[in-house]
Amino acid sequence: MEQHDVNMCLAIKAAVTESIENMVFMAIDTDLDGLSEDLGSDAVMASLRVLEPRPGVLRLAMPRSTAVEISKNLYSIAENELTDAMIQDVTCELLNTISGRVMKRILPAECTFHLGLPEMVDKPHDLQGAFVQCSFLADGNLLIVLAQI
Amino acid sequence: MLKILIVDDSSTARMFIRRCLEIAGCQGADFKEAGNGKEALDLLREAPVDFILADLNMPVLDGRNLLKRLKSSPRTCDIPLVVVSSASNPASDVELIAEGAYAVLSKPITPPALIASIGALIKKQEASHGTA
């Protein structure tokens, strides 16, 4: 792995840990210990464009079950009270928060950055090879962050 | 009763900010919510608030332009606006403070960070209502 990719993975790991642990109090583990990284057929994925200082893309992909667990914890409600719109909004807001923290870690303090608006995307399995990919477990639930910056 | 306006295009972010404010001492406040800067201005035409927490990156009218619009009007220029954004960093924070923001907080906010940044503001506004 090149140094750029190593630095990106470290930034993503810190950003995911800070965001998930502060927002939903779920412990983040980077050791998947042989667990499958298959997102399943009902996976959800959000995408966010980095506009400045250089163009790029950040994505958050996870099985729907992970998105449900995170949403339940965030809203403190039961699964049957969750709507698809809530799950999608949680996924987008989580990616938005993670993306800001990644950019802050990889850019010098004097460098401003501009992010686009997060949006849900289809084809969660379309994980192109040019992305740096980092996988995590949040209380045992798989989530994957991809970066192309 | 404190009147607080939360402006963010994400309903999740608005809920999370409100919960942090309640933990930070604003339980019982009258919370109003807007999904972008334009909706915020529409709400402020109906009734003033004690302070505003607003995201930067929003459709229709973003947080930076909301701040400019507020500061350019004699009716709203004294309402403190706290920026809560994922896109804050030291350089942009300085710019926003120079443009009139009361404080700038990075997402995800936490109740301790809120108290540290705007605890004095909350107490001052509560005192003005005689509820401190």
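Lettering follows sequence order; numbering is per chain, from 1. Computed from heavy atoms alone, side chains included, the values below leave out hydrogens, waters and symmetry copies.
B:L2 and B:I118 fall within a single hydrophobic cluster, where Ile, Leu, Val, Met, Phe, Trp and Tyr side chains are chained together by heavy-atom contacts under 4.5 Å. If you chain together hydrophobic residues whose side chains sit under 4.5 Å apart, A:M62 and A:I98 fall into the same group. In the hydrophobic cluster analysis, where Ile, Leu, Val, Met, Phe, Trp and Tyr join through side-chain heavy atoms closer than 4.5 angstrom, B:V7 is grouped together with B:I79. Under the 4.5 Å side-chain heavy-atom criterion for grouping Ile, Leu, Val, Met, Phe, Trp and Tyr, B:V82 is not connected to B:V49 through any hydrophobic cluster. Taking hydrophobic clusters as Ile, Leu, Val, Met, Phe, Trp and Tyr residues chained together by side-chain heavy-atom distances below 4.5 Å, B:L5 does not share a cluster with B:F16.
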Evaluate the side-chain contact (heavy atoms from CB on, under 4.5 Å) criterion for residues B:K107 and A:E93: first the C-alpha distance (whole Å), next the side-chain angles of each, then the deciding distance (0.1 Å), finally the verdict.
CA-CA 10 Å; B:K107 289 183 176 179; A:E93 180 59 16; 2.9 Å; yes
Please assess A:L107 against B:N89 for the test side-chain contact (heavy atoms from CB on, under 4.5 Å), listing each intermediate value before the final yes or no.
CA-CA 9 Å; A:L107 292 175; B:N89 73 344; 5.9 Å; no
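B:T12 and A:D89 form a side-chain donor-acceptor contact under 3.5 Å, judged by distance and modelled atom types alone.
Contacts between residues 17-40 of chain B and chain A, defined by a heavy-atom separation under 4.5 Å, are made by B:R19. Within residues 69-83 of chain A, the residues having any heavy atom under 4.5 Å from a heavy atom of chain B are, by residue number, A:N73, A:L74, A:Y75, A:S76.
Per-residue heavy-atom pair counts under 4.5 Å with chain A were compared for B:S106, B:S11, B:S85, B:P59, and the maximum is reached by B:S11. Options A:P108, A:A109, A:A85 differ in how many heavy-atom pairs under 4.5 Å they form with chain B, and the most are formed by A:A109.
Of the possible donor and acceptor atoms, one in the side chain of B:N57 sits under 3.5 Å from a partner among the backbone N and O of A:G116.
Going from atom OG of B:S92 over to atom CD of A:E110 covers 12.0 Å, rounded to the nearest 0.5 Å.
Checked against side chain to side chain donor-acceptor pair (under 3.5 Å), B:S73 has no partners two or more places apart in sequence or in another chain.
For A:E18 against B:P108, the heavy-atom pair with the smallest separation is O-CG, 3.9 Å. Of all heavy-atom pairs spanning B:S86 and A:L115, the tightest one is OG-CD1, 4.0 Å.
With a 4.5 angstrom heavy-atom cutoff, A:M23 touches chain B via backbone and side-chain atoms both. The contact between B:T110 and chain A is made entirely by side chain atoms (from C-beta outward), counting heavy-atom distances below 4.5 Å.
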Would you tabulate the side-chain donor-acceptor contacts of residues 44-52 of chain A under 3.5 Å, counting partners in other chains and residues two or more places apart, or write 'none'?
none

